[in-house]
Number of protein chains: 2
Amino acid sequence: MSLNSRSQQQRYEAMLQLLRSSDTLWNASHALFERWDLSPSQFNVMNLLHNNSEGLSQSDLSRQLVVHRSNITGLVDRLEKRNLVKRTAVPGDRRLYNVALTPQGSTIMEEILPLYHESAVRLWEGVTDDRIQALLSDLESVIQQSQTIARELSESSATAQRKGK
Amino acid sequence: MSLNSRSQQQRYEAMLQLLRSSDTLWNASHALFERWDLSPSQFNVMNLLHNNSEGLSQSDLSRQLVVHRSNITGLVDRLEKRNLVKRTAVPGDRRLYNVALTPQGSTIMEEILPLYHESAVRLWEGVTDDRIQALLSDLESVIQQSQTIARELSESSATAQRKGK
DNA sequence: ACAAGACTGTTGATGTGTCAACAGTTGATG
DNA sequence: CATCAACTGTTGACACATCAACAGTCTTGT
């Protein structure tokens with residue numbers, strides 16, 4: 001085993017716990033959105049559109065949700081089919097669509113959001129404000145480290161390829 | 001907005017941060033396993049088998065990975081096709097297979113695991129042991145709360161259905 | 001001993017995600 | 001202005017995830 005100290009073992013455990021907890025959270029959110037027959041991903045799209053009532057292009061959605069462009073197509077397709085979202089041509093640029101919530105989509109969001117926020121707060125019941133604060137900064141650091149590690153890995157594999165053949 | 005206090009807003013932010021960080025981490029792990037052409041899910045299967053060298057049934061895998069049975073079929077199919085894993089009939093019970101790592105699968109795991117553990121430790125660089133400790137218990141609490149909330153939601157939707165029609 | 005129920009793995013339908021390749025549009029550079 | 005590069009959305013191939021339904025195979029209760 002390459003985890004020598006107790007400290008190292010706990011850090012390994014912490015990583016697993018991080019993955020487990022977000023997975024459980026994701027599944028719970030599924031239960032919340034079920035009532036409106038929305039997937040978490042569909043909710044994320046609608047939530048973003050709710051905060052941008054003028055609408056966004058699909059590429060904007062893709063960038064802000066950190067999801068591939070090609071995935072947005074299908075997501076918007078399905079939401080549009082249910083009249084929760086609408087694609088509109090943009091006068092100045094014929095490449096893109098403006099995607100915005102329909103009134104119906106807006107109504108649904110206003111039903112969901114209070115429950116969503118309430119659940120988010122209940123999630124941390126029993127955790128003090130100080131701990132929340134610490135957690136926010138620790139997780140920020142995890143994001144940075146993850147990206148650093150991923151960058152190093154893909155760089156080293158790139159040089160290995162260059163050297164290889 | 002149904003988030004009245006600063007404390008509530010931070011708890012909402014913390015939830016988003018939790019989801020973001022695990023997502024980034026998941027993507028980084030993708031970069032780590034890429035060298036062996038493994039997906040994170042495939043790694044999880046092989047890691048579990050590595051800790052159970054006698055092998056496990058597909059249902060065991062499904063339960064321990066918290067993944068649907070039907071998903072295991074394809075996962076094991078693809079690993080078996082690459083000779084990383086082997087299905088064996090079980091003498092006493094004709095319903096199940098025993099799934100175990102092949103020597104080749106074992107070799108790969110022994111290459112990956114040190115790097116995996118090392119990355120897990122590096123993930124928390126700059127975070128003190130005390131914080132790790134606190135985080136472990138806070139995330140445990142998040143898991144509990146998520147499950148409680150999910151249970152409540154599905155119960156209330158069940159009664160709503162009963163009352164409905 | 002036998003019917004009823006529980007469990008195992010597979011299949012097919014569907015949603016979500018990736019990537020590579022494409023066609024069309026716009027913008028920038030010569 | 002003509003070309004080249006960059007960008008937008010879509011498609012098709014694939015992996016991964018769920019669920020419902022199924023066929024076999026135990027297990028249990030009477």
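A note on names: the letters A, B, ... follow the listed sequences, proteins ahead of strands, and every chain is numbered from 1. This structure is a prediction, so every number in the text was calculated from the model and none was measured.
- Remark: the backbone N or O of B/Leu113 is paired with a side-chain donor or acceptor of B/His117 at under 3.5 angstrom.
- Less than 4.0 Å separates DNA chain D from no heavy atom of any residue of residues 38-55 of chain A.
- OP1 or OP2 of C/dG9 has at least one side-chain nitrogen or oxygen of B/Ser59 nearer than 4.0 Å.
- When all heavy atoms are compared, the tightest approach of A/Ala120 to B/Met15 is CB-SD, 3.7 Å.
- Note: CG (A/Asp37) to C1' (D/dT18) measures 13 Å, nearest angstrom.
- Side chain of A/Asp93 to backbone of A/Arg95: a donor-acceptor contact under 3.5 angstrom is found.
- We find that B/Arg11 and A/Glu125 are not joined by a salt bridge, their nearest charged nitrogen and carboxylate oxygen being 4.0 Å or further apart.
- Checked for salt-bridge contact, B/Glu13 and B/Arg6 miss the test: no charged N lies under 4.0 Å from a carboxylate O.
- Ring geometry for A/Phe33 versus A/Phe43: interplanar angle under 30°, hence parallel rather than tilted (30 to 60°).
- Using a 4.0 Å cut-off between a side-chain N of Lys or Arg and a carboxylate O of Asp or Glu, A/Asp23 and A/Arg20 do not qualify as a salt bridge.
- Other cluster members for A/Val66: none, since no ILVMFWY side-chain heavy atom sits under 4.5 Å from it.
- Base pairing annotation: C/dG30 forms a Watson-Crick or G-U wobble pair with D/dC1, both donor-acceptor distances under 3.5 Å.
- By the 4.0 Å N-to-carboxylate-O rule, B/Lys86 lies too far from B/Glu80 to be salt-bridged with it.
- Mapped onto DNA chain C by nearest heavy atom, A/Asn71 and B/Ile72 fall at different nucleotides, with B/Ile72 at the one closer to the 5' end.
- Near DNA chain D, meaning a heavy atom under 4.0 Å away, the residues from residues 61-70 of chain A are A/Arg63, A/Arg69, A/Ser70.
- Side-chain atoms of A/Glu152 do not come within 3.5 Å of backbone N or O of A/Ile149 as any donor-acceptor pair.
- For the pair A/Val99 and A/Leu49, the tightest heavy-atom approach, listed with the atom from each and the gap, is O-CD2, 3.4 Å.
- Nearest heavy atom pair, residue B/Ser2 against residue A/Pro114, reads OG-CA, 3.3 Å.
- Atom OH in A/Tyr97 sits roughly 15 Å away from atom C1' in D/dC7 (whole-Å rounding).
- The separation between A/Leu96 atom CG and C/dG27 atom C1' is 14 Å, rounded to whole Å.
- For the pair A/Ser29 and A/Trp26, the tightest heavy-atom approach, listed with the atom from each and the gap, is OG-O, 2.7 Å.
- Of the residues in residues 18-31 of chain B, none has a non-hydrogen atom less than 4.0 angstrom from any atom of DNA chain D.
- Of all the heavy atoms in B/Leu153 and A/Ala28, the pair that sits closest is CD1-O, 4.3 Å.
- Using modelled atom types and a 3.5 Å distance limit, the side chains of B/Asn98 and B/Thr88 yield no donor-acceptor pair.
- Near DNA chain D, defined here as any heavy-atom distance below 4.0 Å, the residues from residues 75-89 of chain B are B/Leu75, B/Arg78, listed numerically.
- No side-chain donor-acceptor contact under 3.5 Å links B/Gln147 to the backbone of A/Thr24.
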Kindly give the atom pairs (protein nitrogen or oxygen, nucleotide nitrogen or oxygen) under 3.5 Å for nucleotides 26-28 of chain D.
| residue | atom | partner | partner atom | Å |
| --- | --- | --- | --- | --- |
| D/dC26 | OP1 | B/Asp93 | OD1 | 3.2 |
| D/dC26 | OP1 | B/Arg94 | N | 2.8 |
| D/dC26 | OP2 | B/Arg94 | NE | 3.1 |
| D/dC26 | OP2 | B/Arg94 | NH2 | 3.4 |

